[in-house]
Each structure stands twice: as structure tokens, then as C-alpha cells.
Amino acid sequence: MNEVIEKKDFIRDIIDEDIKNGKHKKIKTRFPPEPNGYLHIGHAKSICLNFGISQEYQNATCNLRFDDTNPEKEEMEYIDSIKEDVKWLGFDWGENLFHASCYFDKLHKFAVYLIEQGKAYVDNLSFEEIREYRGTLTKAGKNSPYRDRSIEENLNLFEEMRNGNVEEGKCVLRAKIDMKSPNLNMRDPVIYRVKKSDHPKTGDKWCIYPMYDFTHGYSDAIEGITHSLCTLEFEDHRPLYDWFLDQLPAEWFPSRPRQIEFSRLELTYTIMSKRMLIQLVKENHVSGWNDPRMVTISGFRRRGYTPKSIREFMKGVGISKSKGYVEFSNLEYYIRQELNATSPRVMAVIDPLKVVITNYPEDKVEEFDVEINPEDKSSGTRKVPFCREIYIEKSDFMEEPSKKFFRLRPDGEVRLKNAYFIKCEEIIKDNKGNIIELRCSYDPLSKGGNSPDGRKVKGTLHWVSVKHGKKIEVREYDRLFKTEFPGKETGNFLDDINSESLTIKKHCIIEPAFFDYNKNTRYQFMRNGYYYPDPFDSTKEKPVFNQIVKLKDTWQNVKK
RNA sequence: UGGGACGUGGCCAAGUUGGCAAGGCACAGGACUUUGACUCCUGCACUCGCUGGUUCGAGUCCAGCCGUCCCAGCCA
């Protein structure tokens, strides 16, 4: 498209090399989620990598494959949500939707073949015994007494397992590799276990299910995957991945896939573990998988993040093998960047403070034409009504401000955006001393926001007419955790939950112009941030906005 | 001497065959500004975990050391 030189990474370098030397003509990748939870932003990295590659190379494709080999944890709900999330992120698997469970028949045959080749055996050791026999990190394992059964016996026993005549946990099928291997994964890994539970896809057809290591490489090979990209913790599994592939005739498969590992995405101030995410949901620390504070794809979607901003973020982060935490502010940069360019501006007061302009006529109403988005001149203008009583933001007035504060102060003058200069004349308080209203005067000559005498005001405030403003609810979000690395101190991530991560503001006022109300519009509430109508709770009658991200706030830093 | 990997500025991350440290985020100054936003300048590693070695020259090669992470599920 454009002349931007895309930054490559070590994986794309490998692919380039494989194409250059003729190893592959068509590149095939896959995104292989296990449907045991919702996708999070860490998955998005893998999705962008795998599907991204399929878009960049000639005739390349990326399969969506559910790694559904453990029916106890997997559910249809998750399968559906994963599809929705991948699509939302902007990727399309076309016809290439698969399930590892599609290959259960083949996988079973492969297992039988391994037995026939003397490369697999049925083991009657108990769960505990298997662990004992495996040895430790520093001590070699020892062979199971059942390791040298005859091929016939193994075949019969495996058939018994398959037919449901074996109880769960009584025996497993194991690969016969090397109990003394320094790589624990090679110490006769289990490849089939008995599980008498129904599978979301295959129902009650099977009572034995293959393990990940056995399943994954073969599924890749069956699908003709050329590059099997996974995260670092599978590095130790690569020898096993290759071993399984080596045991079957290469002609049985369209490709010999190569596993390449990269580091997973970690973000500060959050957790990315599925186990912890599911705990947040199940224990009601959040409202659900799509709570806008969650780092799930559905959470970001509901919050108002755009798929593009997430994709751009992933490009910015890059792919490498060194692990680390990306600062959350890095992600926020990308959503601000996009929304600054695209979102309609609107004035909304989150914490209203009433201002009466004492010298402005009682019943007069003026309308100002205001740019919808100064970054996009084609967006046109909107009408903003002005009258004697308006709301400004509470935080835009200080009774005893520092010199650096250049918003409204007693006797101070400030500009109401696109309207007039006003000067604070009087502060009205309730009997507890709270400021409940301001009396100001305006300069009729400053209409539009400039004074003919050329005098400057430093501050410009957003405002909404009391008479014309509409009430909305705003939900403001802070980080779900108050520390960069939740759980680092106490060992329990729940200890670091930020109890103030959600603030509901029920009495916010927005200018009437936002009523080209569109569920899918992300607005900039001027001088505040970006906001998105909650897809579930917002209605035209009772609008509810989620804060996507605050505007960058240098004033915060000045205050410190 | 279990095995596997990683270690470039606060964070992420480029650094092909050794030639003398990209970029982004963050941060700090400044300009501009009817959003303290955006935009635009400027600054931000005499140094690449450490120590030696090879070389005219090393982040890139060699050796040793140090640090961090992953692996002992019939999870993926």
C-alpha cells in the first residue's frame, strides 16, 4: 500500500528465508486457542501475528483451530466468543475453521500405528506412580514395569480403553521415548487418557482423549501448517513435537511444520492468566468476561477500544523472544492516537457546577456553530446552545488556586469554549461550606471567544447549557489493579485489586448535539477523554457512556 | 555441570557478512493552541549483564562468570 517499510521480526525473517530457498511456496499458520475461557489481549498478539502473516504473504492462509482435547474444561460458549473476538479484531479465517477434535479418528489411528511400531505402550501405573517414576529435574526417571508389554497386549489394552472398559485414571497410553532424558517432556509422555465426559463437538463418541503434545503437531501437519507459532513455555516441548512427527511417514502429511516460539504479551497493572481471569469472573470481582476493566477482547470491545488500535499496538510492541512487561500507557497511546483523529467532539460535564451569568439576559438563547472535529475538517459543525445558566466542571474552579492554575478563580477571567469570556464574581456555598454555584459576569464583546481589545485569557473551559443539556450516566474506569505487577508483594493478585477502579457518575450533562446518537460512535468529551455508549446498558432515553481512556493530562503532572 | 531460553536507555525493540548504538512509548524542556489535548522542535545508552581474549576496530567472534524466566498435569 504505502511505502512504509514494515519492521520485520525474527519469525518473518525465517519465513522469508524459507520462501527464498524454496522450502515453502505457500505459508500456512494457525491460531489454536483452547475453548476454555475468553480471549484476552495476550491472545490478540498471537492472532495478529498468525493472521497478520497470512495477510502479508502471497497465497498464505491462517487457520482458526480449536485445540479441544480436554472436554472437562471446554464449552460451546467459549467457542462462540472466540470466533466473535477474532472477527472483531478484523481477521477472517474463511473456510479454514477446524477443531482438533475433527482429527480424533486420525489421531487414534496414529496412536495405534505408534503401538504397532513399538513406540507406545499402555501403562497401568497410577497417577502418583507415574509421577514418582518420572524422576525429578535433576534425577533421571525409571522405566515403568509395563513398558515392555507386547505389541498385541498393548493393542488390546488400548482397544479396551477406547471401548470404555477402563476406568478413568486406571491406565494411559504413553509414548516410549526415554525415561532418562534431561527434558522431562521426553520421559514417556502420556498421549491418551481415559475421560468419560462428553465433548462439546464429538459428544459421547469418545471416552479417550489425546493429550496436547500428541495432538498439536499432528493437527498442524494434517492441515499443512508450515510455521507453528507458539509462546516460549513450549520451547521444551519442541523436541517432543518433532519426535511425534518423526514417527510417522512424512508422506502422510502435506507439510512438515516447524514450531517457533516467541514471548507472550504481558502488560503492567493487569494479569493475563486465564486462571486468574476466570477467577475474577467467577468470584464477581468484575461484572463478567466483558467487564470494561477486563483485558479480555470482549472487555476492550465493550469499553470502546477499536480493533485497529489493538492491531497497531501489537505492531508497535513487536515480536521477540525476550520476556517483559509492556507498559499499559503504551496501549493507551494507540487508542488516543486513533480517536483523536476520528472522534466527534462534544462538551459534557462530568461533575457539574452551576454558573449563573448575572448580566446575561434571562430568556436569551444563542447558538454557536462549533467544529465537530478540528482534526478532520470534513466533519462539519454542530450547533451549541448557550444561555444564562450553564454547568462547568467542578474541577475547573478553585477558590484558592496556585499560580499555575489557569482555570476559573475568584475575580479571574476565563473563556467558555466558543462562547464568551466570563469572570467569577461571587461564590455561593451551602451551609456546609460546599461550593454549589458561581455567579459570573460575561463580556458581550467577547462573543465567539475573543475579545476585540486583544486581551488574552489562558484558560478555556467546556460547558453545557443548563436549559439544553441532557442527562447521561458516565462510567469512569481506573486500572483494575493498583500495582504494576499484581500479586508480586503478597503472592495473591486479589490483594492488589483497585477498589476504586469503577466510578459511576449518574448526573453528567452533555450538550444536545450528541443526539445524532449512534451506538457505534466514540466521542471525545472535550478536555476529558474518549467515551463510548455502553453496548448493553445504554439506550437513547438513558444514555450510558463508558470512558475509553482519559485525555493525556499534563496538568496532573504539574500538580505533583 | 539436570535441561531449555533470555539479558541493548524507565518500558517495548531494531541492530544482515565485526566498522564505530534505529524507532516507538514514557519522561523533561520549549513553540503553537478557543481541548493544560493534538501537532511541532529539543533533550534522554561515550554504551549494549559482567570480566577477560581475538582484532586496526566487537553489541555483534571466543572463553569464563553473573542474573532472570520456563519445565517434574492422565492442562494447553
>> For the C1' atoms, the ones on A13(B) and on U55(B), what distance do you get once it is rounded to whole angstrom?
In response: 29 Å
> How do Val194(A) and Asp236(A) order along RNA chain B: which one's closest nucleotide is nearer the 5' end?
Replying inline: Asp236(A)
> Is there a donor on the side chain of His237(A) or the base of A76(B) sitting less than 3.5 Å from an acceptor on the other?
Replying inline: yes
> Has Ser320(A) got a side-chain N or O lying under 4.0 Å from the OP1 or OP2 atom of A14(B)?
Replying inline: no
> When the ring centroid of Tyr218(A) is compared with that of Tyr103(A), is the distance short of 6.0 Å?
Replying inline: no
> What does Leu232(A) touch in the nucleic acid at a heavy-atom separation under 4.0 angstrom: a base, only the sugar-phosphate, or nothing?
Replying inline: nothing
>> Using atom P in both nucleotides, what's the gap between U47(B) and G29(B) to the nearest angstrom?
In response: 26 Å
>> Under 3.5 Å for both donor-acceptor distances, Watson-Crick or wobble: does C38(B) have a partner, and if so which one?
In response: none
> Aromatic rings Phe328(A) and Phe300(A): how do their planes relate, parallel, tilted or perpendicular, breaks at 30° and 60°?
Replying inline: parallel
>> Please determine whether any donor N or O and acceptor N or O are separated by less than 3.5 Å between the side chain of Arg131(A) and the base of G73(B).
In response: no
> Would one find a side-chain N or O of Lys274(A) under 4.0 angstrom from OP1 or OP2 of C75(B)?
Replying inline: no
> Within the modelled atom types, does a donor on one side and an acceptor on the other bring the side chain of Glu327(A) and the base of G10(B) under 3.5 Å apart?
Replying inline: yes
> Taking the P atom of each, how far is G24(B) from U42(B), in whole Å?
Replying inline: 12 Å
>> Let me spell it out: for each of Arg336(A) and Lys458(A), pick the nucleotide of RNA chain B with the closest heavy atom. Which residue's pick is nearer the 5' end?
In response: Arg336(A)
> Which nucleotide, in any strand shown, forms a Watson-Crick or G-U wobble pair with G18(B), with both distances under 3.5 Å?
Replying inline: none
> Under 4.0 Å: is that the gap between some side-chain N or O of Arg238(A) and OP1 or OP2 of A5(B)?
Replying inline: no
>> From C-beta outward on Ser329(A), which listed nucleotide comes closest to its side chain: G73(B), C12(B), A26(B)?
In response: A26(B)
> Counting only side-chain N and O atoms of Arg193(A), is one of them less than 4.0 Å from OP1 or OP2 of G73(B)?
Replying inline: no
> Quick one: is Tyr333(A) getting a side-chain N or O under 4.0 Å of the C25(B) phosphate, OP1 or OP2?
Replying inline: yes
>> Distance criterion of 3.5 Å, no angle test: do you see the side chain of Gln524(A) paired donor-to-acceptor with the base of U35(B)?
In response: yes
>> Say we look at C25(B) and C65(B): how far apart would their C1' atoms be, to the nearest angstrom?
In response: 34 Å
>> Using modelled atom types and a 3.5 Å cut-off, is there a donor and acceptor pairing between side-chain atoms of Asp68(A) and backbone atoms of Ala100(A)?
In response: yes
> Does OP1 or OP2 of A37(B) have a side-chain N or O of Gln556(A) closer than 4.0 Å?
Replying inline: no
>> Please determine whether a side-chain nitrogen or oxygen atom of Arg187(A) lies at a distance below 4.0 Å from atom OP1 or OP2 of G73(B).
In response: no
> Do we count Trp555(A) as stacking onto G36(B) if the rule is ring centres under 5.5 Å and planes under 30°?
Replying inline: yes
> Within the side chain of Ser273(A), is there an N or O that forms a donor-acceptor pair under 3.5 Å with the backbone of Arg275(A)?
Replying inline: yes
>> Using only atom types and a distance under 3.5 Å, with no angle test, would you say the side chain of Asp443(A) pairs donor to acceptor with the backbone of Ser451(A)?
In response: no
> Considering only the C1' atoms, how many Å lie between C27(B) and C75(B), rounded to the nearest integer?
Replying inline: 43 Å
>> With a cut-off of less than 4.0 Å, is there a side-chain N or O of Arg527(A) near OP1 or OP2 of G36(B)?
In response: yes
> Do the side-chain N or O atoms of Thr69(A) get closer than 4.0 angstrom to the phosphate oxygens (OP1, OP2) of A76(B)?
Replying inline: yes
> Just to confirm, is there a sub-4.0 Å distance from OP1 or OP2 of C27(B) to any side-chain nitrogen or oxygen of Lys552(A)?
Replying inline: yes
> Do Tyr531(A) and Phe545(A) have their ring centres less than 6.0 Å from each other?
Replying inline: no
